[in-house]
Amino acid sequence: MSARRRTGRRPEAARLAAASLVSGLVAAGVLAAAGTAVAGETPQGPGGATATITGLKTHGTAVIREKGEEQQVSAGLFEMSVEGGGMLQTYCVDLYNPTQQDARYHETSWSGTSLSDNKDAGKIRWILQNSYPQVNDLAALAKKAGASGLTEQDAAAGTQVAIWRYSDGADVEAVNPQAEKLADYLQKSARNLAEPEASLTLDPPAISGRVGERLGPVTVRTNADSVTVTPPAAAMAEGVKIVDETGGVVTSAGNGSRLYFAVPEDAAAGSAELTLQASTTVPVGRAFTSETRSQTQILAGSSQSTVSAVASANWAGKGAIPALSAEKNCTAGGVDITAANEGDEPFTFELMGIRHTIDAGTTETVTIPLQEDQAYDFTIRGPNGFEKRISGVLDCETDTEAAEGGDSVQTLSEPSPATAGIASTTGTDLAETGSSDATLLIAGIAIVLVVVGGGAMVMVRKKKTPSQD
């Protein structure tokens with residue numbers, strides 16, 4: 001289930017778009033429409049499962065009340081098909097955002113979603129662990145909730161309603177009395193739990209260094225028993241090897257493994273990507289965000305699924321040698337870019353009239369502030385042909401102001417929605433994937449960012465990077 005978002009930010013976004021700046025140095029990146037700039041791109045992120053949403057599969061009906069009006073909507077479990085194999089079950093934690101049909105999702109941390117500043121996010125995880133489908137003994141669940149005769153549809157609806165009360169602060173009730181009893185029980189019983197760890201992530205996801213050295217380490221974090229390490233074929237042909245701390249060639253790894261790129265002394269300046277893949281169950285409570293403006297989901301159940309992560313390395317004999325990674329930061333309202341320089345010269349770039357220098361042997365994290373719902377797509381270039389493209393959509397707010405602004409709620413997932421105050425009894429319309437008010441908003445935002453080696457607006461962190469043997 002989902003609802004249509006308020007578009008009252010359009011005038012502010014238009015003023016922002018008019019403030020385009022071009023510093024005329026080397027490489028340009030453009031913030032553009034999600035349907036064009038973002039399509040086909042791999043957004044920044046730490047790794048994990050990638051999946052396509054297939055629809056709302058097990059659901060009941062709920063009523064949203066706003067400003068004296070009521071609307072019936074579908075509430076329940078979505079299913080996702082994992083790339084490489086596996087299935088996921090999810091609930092929505094982004095009520096006032098539409099669900100796009102066949103949207104592609106990536107596992108992510110809570111910091112990159114509307115849960116980042118939600119003090120009750122941990123209670124949502126408790127609900128997930130203590131309700132359907134994690135608890136599939138419906139009789140036992142019904143007994144705890146004082147709700148007799150719970151069906152799967154009732155259990156899914158009641159669980160979703162309880163989640164919305166914490167994720168969106170919504171005034172929402174399940175239509176079925178037993179589902180409503182479950183929702184009340186879950187809401188009252190919930191306790192804050194810690195955010196779950198990622199199924200697979202690499203720390204850091206980007207490294208750099210000089211030829212003739214071991215670049216790294218890249219530390220593997222996973223709940224999988226074993227991870228397959230796939231070396232970059234082109235780099236291997238040039239003599240680059242993936243090794244462990246002892247210098248032995250690595251083909252598999254586990255949680256805590258430390259991996260290195262061993263680069264020969266006679267190697268030309270270059271870069272490569274290392275892919276890691278595993279089969280595991282994704283931890284309950286992991287968030288999933290899409291490459292388009294499709295509502296944020298949270299994991300309720302996982303089959304054995306394929307997860308993956310990529311680490312990049314950049315090397316040269318001298319000069320500045322940058323390594324760049326990026327991640328959404330909803331607390332700061334933008335995208336964090338972490339830039340490391342393992343060379344022997346400073347790495348300097350300029351963005352929007354601001355000049356930044358990363359000294360040799362140091363790392364800085366900078367934040368690019370963005371508007372909510374804004375698509376971004378920019379390329380960062382550096383010496384020796386180095387290039388990093390970063391794209392995505394900033395979707396950090398649940399936007400409960402939608403109903404306060406008087407907009408009606410519009411469901412964009414199956415079954416078809418009811419108009420305000422009227423129940424829908426027939427029809428199974430899937431999510432719209434064409435143009436929308438949000439698409440028009442995004443299309444009107446075209447801020448030109450010109451960078452040399454990087455892009456940044458707000459400095460966050462700077463540290464000395466210790467050398468590795």
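These numbers come from a predicted model, not from an experiment. Because only heavy atoms are used, hydrogens play no part in the values below, and waters and symmetry mates are left out as well, while side chains stay in.
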Would you find a donor on one side and an acceptor on the other, under 3.5 Å apart, between the side chain of [X] and the backbone of [Y]?
{"X": "Asn255", "Y": "Asn223", "result": "no"}
{"X": "Gln134", "Y": "Gln129", "result": "no"}
{"X": "Thr108", "Y": "Gly112", "result": "no"}
{"X": "Ser279", "Y": "Gln304", "result": "no"}
{"X": "Thr362", "Y": "Ile358", "result": "no"}
{"X": "Ser131", "Y": "Leu128", "result": "no"}
{"X": "Asn192", "Y": "Lys123", "result": "yes"}

Beyond-backbone contact of [X] with [Y], side-chain heavy atoms, under 4.5 angstrom:
{"X": "Val335", "Y": "Glu327", "result": "no"}
{"X": "Thr280", "Y": "Leu200", "result": "no"}
{"X": "Ser81", "Y": "Met87", "result": "yes"}
{"X": "Glu372", "Y": "Asp395", "result": "yes"}
{"X": "Gln89", "Y": "Ser302", "result": "no"}
{"X": "Pro283", "Y": "Ser199", "result": "yes"}
{"X": "Thr331", "Y": "Ser111", "result": "no"}
{"X": "Glu83", "Y": "Thr306", "result": "no"}

[X] to [Y] - nearest heavy-atom pair and separation:
{"X": "Ala190", "Y": "Tyr166", "result": "CB-CE1, 4.1 Å"}
{"X": "Leu77", "Y": "Ala156", "result": "N-CB, 4.1 Å"}
{"X": "Ala103", "Y": "Thr292", "result": "CB-OG1, 4.2 Å"}
{"X": "Ile390", "Y": "Ala326", "result": "CD1-CB, 3.6 Å"}
{"X": "Ser208", "Y": "Pro322", "result": "CB-O, 3.6 Å"}
{"X": "Val282", "Y": "Leu299", "result": "O-CD2, 3.1 Å"}

Using a strict 4.0 Å threshold on nitrogen-to-oxygen distance, state whether [X] and [Y] make a salt bridge.
{"X": "Glu195", "Y": "Arg286", "result": "yes"}
{"X": "Arg293", "Y": "Asp373", "result": "yes"}
{"X": "Asp171", "Y": "Lys67", "result": "no"}

Over 12 foreign heavy atoms within 6.0 Å of CG, Asp137: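 Counting other residues, nucleotides and ligands, CG of Asp137 exceeds 12 neighbours.
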Can you find a side-chain donor-acceptor pair between [X] and [Y] that sits under 3.5 Å?
{"X": "Glu70", "Y": "Gln72", "answer": "no"}
{"X": "Gln277", "Y": "Thr228", "answer": "no"}
{"X": "Ser294", "Y": "Tyr105", "answer": "yes"}

Kindly compute the distance separating OH (Tyr91) from CD1 (Ile127), expressed to the nearest 0.5 Å.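 With rounding to 0.5 Å, OH (Tyr91) is 10.0 Å from CD1 (Ile127).
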Salt bridge (Lys or Arg N to Asp or Glu O under 4.0 Å) for Glu180 and Arg165? Distances and angles first, verdict last. CA-CA 12 Å; Glu180 175 60 18; Arg165 292 173 182 173; 2.9 Å; yes
